[in-house]
Amino acid sequence: MKTIITYGTFDLIHAGHIHILRRAKEMGDYLVVGISTDEFNKLKHKDAYHSFEDRKLILESIRYVDLVIPEYSWEQKIMDVKKFNADVFVMGDDWKGKFDFLADYCEVVYLPRTEGISTSKIKENFPKQMDDQT
Ligand code: C2G
């Protein structure tokens with residue numbers, strides 16, 4: 001069984017998240033997703049709209065995702081790769097080069113991001129769309 005692992009905040013789930021989760025799963029048989037805790041998001045200077053519990057529930061409902069684990073630190077990846085016998089670590093290419101140290105433990109793959117969509121863009125535009133509709 002070929003295991004893939006990836007990480008992220010996955011707030012306000014959108015097509016960009018689905019595309020990377022689908023492509024990651026297509027590289028193997030089992031996809032483990034480390035989802036950032038609310039505390040870890042603070043370290044990433046991110047303020048998620050949905051709570052950790054809700055973001056985890058939503059991720060677990062996505063057909064490509066087999067297991068969701070908490071991401072609570074920058075340092076846990078090597079331990080996770082070993083713990084889950086991950087064969088491939090996948091991230092969007094906005095992270096290109098940042099996790100090359102994992103190449104000692106598994107294949108490291110950076111996939112092209114989906115253009116034109118991001119959680120911050122949704123946050124920026126949403127209030128405006130709401131105003132237009134009222
Ligand atoms: N992503 C993408 N296309 C987008 C937006 C996001 O491919 N338009 C990818 C990102 O490259 C990442 C994943 O979706 O691989 C999750 O993105 P975020 O939730 O923004 O995660 P991030 O804050 O980048 O956290 O330790 C790694 C970090 O936890 C990654």
Side-chain angles (χ1 to χ4, degrees):
M1 184 172 78
K2 190 170 181 185
T3 300
I4 318 294
I5 192 164
T6 189
Y7 296 79
T9 296
F10 295 103
D11 191 30
L12 301 179
I13 282 282
H14 54 67
H17 295 136
I18 299 300
H19 287 314
I20 195 144
L21 292 169
R22 176 181 48 74
R23 286 176 292 165
K25 180 60 178 283
E26 285 169 354
M27 295 175 78
D29 311 290
Y30 191 85
L31 177 60
V32 179
V33 182
I35 185 166
S36 310
T37 61
D38 295 331
E39 296 72 22
F40 185 54
N41 269 334
K42 288 191 178 63
L43 292 184
K44 296 199 298 185
H45 308 297
K46 276 200 162 184
D47 180 19
Y49 175 81
H50 289 304
S51 66
F52 169 78
E53 291 73 21
D54 284 357
R55 287 183 287 117
K56 183 171 182 288
L57 172 69
I58 293 165
L59 262 195
E60 286 168 341
S61 310
I62 295 172
R63 68 173 70 182
Y64 306 116
V65 177
D66 295 291
L67 176 68
V68 179
I69 60 172
E71 180 187 32
Y72 48 81
S73 79
W74 291 113
E75 292 76 29
Q76 71 183 84
K77 292 184 175 70
I78 293 173
M79 179 185 68
D80 289 345
V81 167
K82 290 177 179 173
K83 180 176 177 182
F84 297 102
N85 297 314
D87 300 284
V88 188
F89 167 85
V90 172
M91 284 302 293
D93 61 5
D94 47 320
W95 291 94
K96 192 164 182 57
K98 299 289 191 306
F99 302 112
D100 291 355
F101 64 89
L102 288 170
D104 294 338
Y105 306 93
C106 64
E107 190 185 344
V108 176
V109 175
Y110 300 102
L111 296 173
R113 274 174 70 91
T114 302
E115 294 306 318
I117 182 110
S118 69
T119 300
S120 39
K121 191 171 178 179
I122 294 169
K123 282 182 177 177
E124 281 154 28
N125 294 336
F126 191 74
K128 186 178 175 317
Q129 283 161 359
M130 282 298 280
D131 291 346
D132 291 352
Q133 283 168 9
T134 47

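All ligand and atom numbering here is 1-based and tracks the order in the structure. The first residue of the sequence shown is numbered 1, and numbering continues consecutively from there.
- Every pair passing salt bridge (Lys or Arg N to Asp or Glu O under 4.0 Å) that includes a residue from residues 72-83 is listed here, sequence neighbours excluded: E71-K77.
- Ligand 1 does not have E115 within reach: every non-hydrogen atom of the residue lies 4.0 Å or more from it.
- Taking a cut-off of under 4.0 Å to the non-hydrogen atoms of W74, the atoms of ligand 1 that pass are 26 (O).
- The pair K25-D66 meets the salt-bridge criterion, since a charged nitrogen lies less than 4.0 angstrom from a carboxylate oxygen.
- Among H14, H19, K96, M91, the residue whose heavy atom sits closest to atom 30 (C) of ligand 1 is M91.
- The atoms of ligand 1 that sit less than 4.0 Å from any heavy atom of G92 are 11 (O), 15 (O).
- Less than 4.0 angstrom separates some heavy atom of Y7 from each of these atoms of ligand 1: 26 (O), 27 (C), 30 (C).
- Of all atoms in ligand 1, numbered sequentially from 1 with element shown, those under 4.0 Å from a heavy atom of K77 are 26 (O), 27 (C).
- Applying the 4.0 Å criterion to heavy atoms of F10 picks out, from ligand 1, the atoms 16 (C), 19 (O).
- Of the possible polar contacts, one joining the R23 side chain to the H19 backbone as a donor-acceptor pair under 3.5 Å is found.
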Inset, instruction - Output, in order, the C-alpha distance, side-chain angles, deciding distance and verdict of side-chain contact (heavy atoms from CB on, under 4.5 Å) for V88 and I5. - result: CA-CA 6 Å; V88 188; I5 192 164; over 6 Å; no
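- Comparing I20, L43, T114, I18 against atom 3 (N) of ligand 1, the shortest heavy-atom distance belongs to T114.
- Between K44 and ligand 1, at least one N/O pair is under 3.5 Å apart.
- Taking any N or O of D11, backbone or side chain, none lies under 3.5 Å from an N or O belonging to ligand 1.
- Classification of D29 and K2 as a salt-bridged pair fails, no side-chain N sitting under 4.0 Å from a carboxylate O.
- Taking any N or O of S118, backbone or side chain, none lies under 3.5 Å from an N or O belonging to ligand 1.
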With a cut-off of 3.5 Å and sequence neighbours excluded, list every side-chain donor-acceptor pair involving residues 52-59.
{"residue": "R55", "atom": "NE", "partner": "H50", "partner atom": "O", "Å": "3.0"}
{"residue": "R55", "atom": "NH1", "partner": "T9", "partner atom": "O", "Å": "2.9"}
{"residue": "R55", "atom": "NH1", "partner": "S36", "partner atom": "O", "Å": "2.8"}
{"residue": "R55", "atom": "NH2", "partner": "S36", "partner atom": "O", "Å": "2.9"}
{"residue": "R55", "atom": "NH2", "partner": "D38", "partner atom": "OD1", "Å": "2.8"}
{"residue": "K56", "atom": "NZ", "partner": "E60", "partner atom": "OE2", "Å": "2.6"}

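- Of all the atoms in ligand 1, the ones that sit under 4.0 Å from a non-hydrogen atom of D94 are 10 (C), 11 (O).
- Residue D93 places no N or O, backbone or side chain, under 3.5 Å from any N or O of ligand 1.
- When each atom of ligand 1 is checked for a heavy atom of S36 under 4.0 Å away, the hits are 29 (O).
- Interface atoms of ligand 1 facing I117, defined by a heavy-atom separation under 4.0 Å, are 4 (C), 8 (N).
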